Amino acid sequence: QSQIVLLAMLFQCCLIGFLSCLRNTVKNEKIFTTSIDAKLLGTVVHEAPHLSFKERILRKKRALLINDGYSSLKLTEDYKKIATRLEWIKKTTQDKIFTITSVGENEGKSTSVCNIAIALAGRGYRVMLLDLDTRKPSIFKIFEYRRIPSPELVGLFSKEIAITPDFLESCRYKKSNLFLLMNKKRR
């Protein structure tokens, strides 16, 4: 009886392992270049954020930013390498707007965007992060920053609302070249 249960569990583990190998997901750079029609700007190693004992007890989640002192040199260099490649693309193609997107949740898009923005702002670029998620905006949570009462972004894009130096200063993050702006939540 117990041998049958053990064999069934072993079979299930093997089946799960086999099916996970067959899934059509991007697992490395080689698979990316063969299956996706886009240029790979870089890869980032996974690193768990450093949490204090109190944060672990309270089960707090915190994004790992390259300027908080807890990230490894490898992680920081990965994001700086991507920022360098974006800088090169900007110089060669004159593109000024970049989008990072994915169909899945909790894949690290917001953390990646924040780290790339920090790297570009550190190089002297003026970077504006727009959090266009109307349901669960996360950029302000990642930066542990109070929510700025932002105007409707449609008004900014249609030039109904002027982007003045005072307005920009109200969006500035800690006297850096990084500006945070989020869309108002839908009611």
Side-chain angles (χ1 to χ4, degrees), residues 1-89 93 95 97-120 127 129-145 147 180 182-183 185-187:
Q1 189 75 10
S2 63
Q3 290 178 343
I4 294 173
V5 171
L6 187 62
L7 282 174
M9 288 174 48
L10 181 64
F11 176 74
Q12 285 178 339
C13 290
C14 291
L15 183 64
I16 289 171
F18 178 72
L19 292 176
S20 68
C21 289
L22 292 180
R23 280 183 37 201
N24 191 16
T25 59
V26 177
K27 295 180 179 75
N28 58 38
E29 294 176 23
K30 186 177 179 183
I31 293 173
F32 179 89
T33 55
T34 58
S35 62
I36 297 179
D37 185 29
K39 186 175 180 179
L40 181 66
L41 296 179
T43 57
V44 178
V45 297
H46 174 73
E47 186 174 318
H50 172 77
L51 298 175
S52 68
F53 181 72
K54 182 179 178 182
E55 289 171 327
R56 288 178 194 217
I57 296 293
L58 297 175
R59 294 185 181 207
K60 282 193 172 185
K61 291 185 179 181
R62 183 174 31 149
L64 190 59
L65 298 177
I66 61 174
N67 66 344
D68 69 2
Y70 294 116
S71 61
S72 69
L73 181 62
K74 172 76 172 128
L75 183 80
T76 303
E77 289 303 314
D78 285 345
Y79 280 114
K80 286 185 176 182
K81 189 186 305 182
I82 293 170
T84 302
R85 290 181 179 160
L86 286 172
E87 183 179 16
W88 181 80
I89 289 171
T93 64
D95 292 338
I97 299 173
F98 300 99
T99 303
I100 294 180
T101 185
S102 176
V103 295
E105 289 185 40
N106 296 322
E107 292 182 348
K109 297 177 292 291
S110 297
T111 303
S112 295
V113 166
C114 291
N115 281 318
I116 293 168
I118 289 169
L120 288 171
V127 180
L129 279 180
L130 302 175
D131 194 343
L132 301 176
D133 191 342
T134 56
R135 293 186 184 155
K136 295 189 316 187
S138 61
I139 299 290
F140 288 84
K141 185 178 178 185
I142 288 172
F143 282 108
E144 297 176 357
Y145 200 62
R147 290 187 181 216
L180 307 174
M182 68 174 223
N183 200 12
K185 280 191 170 184
R186 289 184 183 165
R187 300 195 192 283

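Since we're looking at a predicted model, the values are computed, not measured. When a residue number appears, it is its place in the shown sequence, counting from 1.
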query = What distance do L180 atom CG and F140 atom CZ have between them, rounded to the nearest 0.5 Å?
reply = 5.0 Å
message = Taking the side chain as everything from C-beta on, heavy atoms only, tell me whether V5 gets closer than 4.5 Å to S2.
response = no
key: Gap between atom NZ of K81 and atom NZ of K74 - 0.5 Å precision   = 5.5 Å
key: Which residues share a side chain to side chain donor-acceptor pair (under 3.5 Å) with E77, sequence neighbours left out   = none
remark   = With sequence neighbours left out, the residues meeting salt bridge (Lys or Arg N to Asp or Glu O under 4.0 Å) with K30 are none
key: Results of side chain to side chain donor-acceptor pair (under 3.5 Å) for S71 - residues two or more places apart only   = T76
request  = Could you go through the side chain to side chain contact (heavy atoms under 4.5 Å, CB included) check for I89 and L41 one step at a time?
outcome  = CA-CA 10 Å; I89 289 171; L41 296 179; 3.6 Å; yes
query = For K141, does its backbone N or O pair with a side-chain atom of S138 as donor and acceptor, under 3.5 Å?
reply = no
request  = Sorted by first residue and then second, give each salt bridge (Lys or Arg N to Asp or Glu O under 4.0 Å) pair with at least one member in residues 6-15; sequence neighbours left out.
outcome  = none
request  = To the nearest 0.5 Å, tell me how far L6 CG sits from F11 CZ.
outcome  = 14.0 Å
query = Side chains of I142 and L65: does their closest heavy-atom pair fall under 4.5 Å?
reply = yes
For residues 112-119, which side-chain N or O atoms pair as donor and acceptor with protein atoms under 3.5 Å away, sequence neighbours left out?
from : atom 1 : to   : atom 2 : distance (Å)
S112 : OG     : Y79  : OH     : 3.2
S112 : OG     : G108 : O      : 2.8
N115 : OD1    : I66  : N      : 2.8
N115 : ND2    : L64  : O      : 3.0
N115 : ND2    : T111 : O      : 3.2

ask   = side chain to side chain donor-acceptor pair (under 3.5 Å) with T93: which residues, sequence neighbours excluded?
value = D95
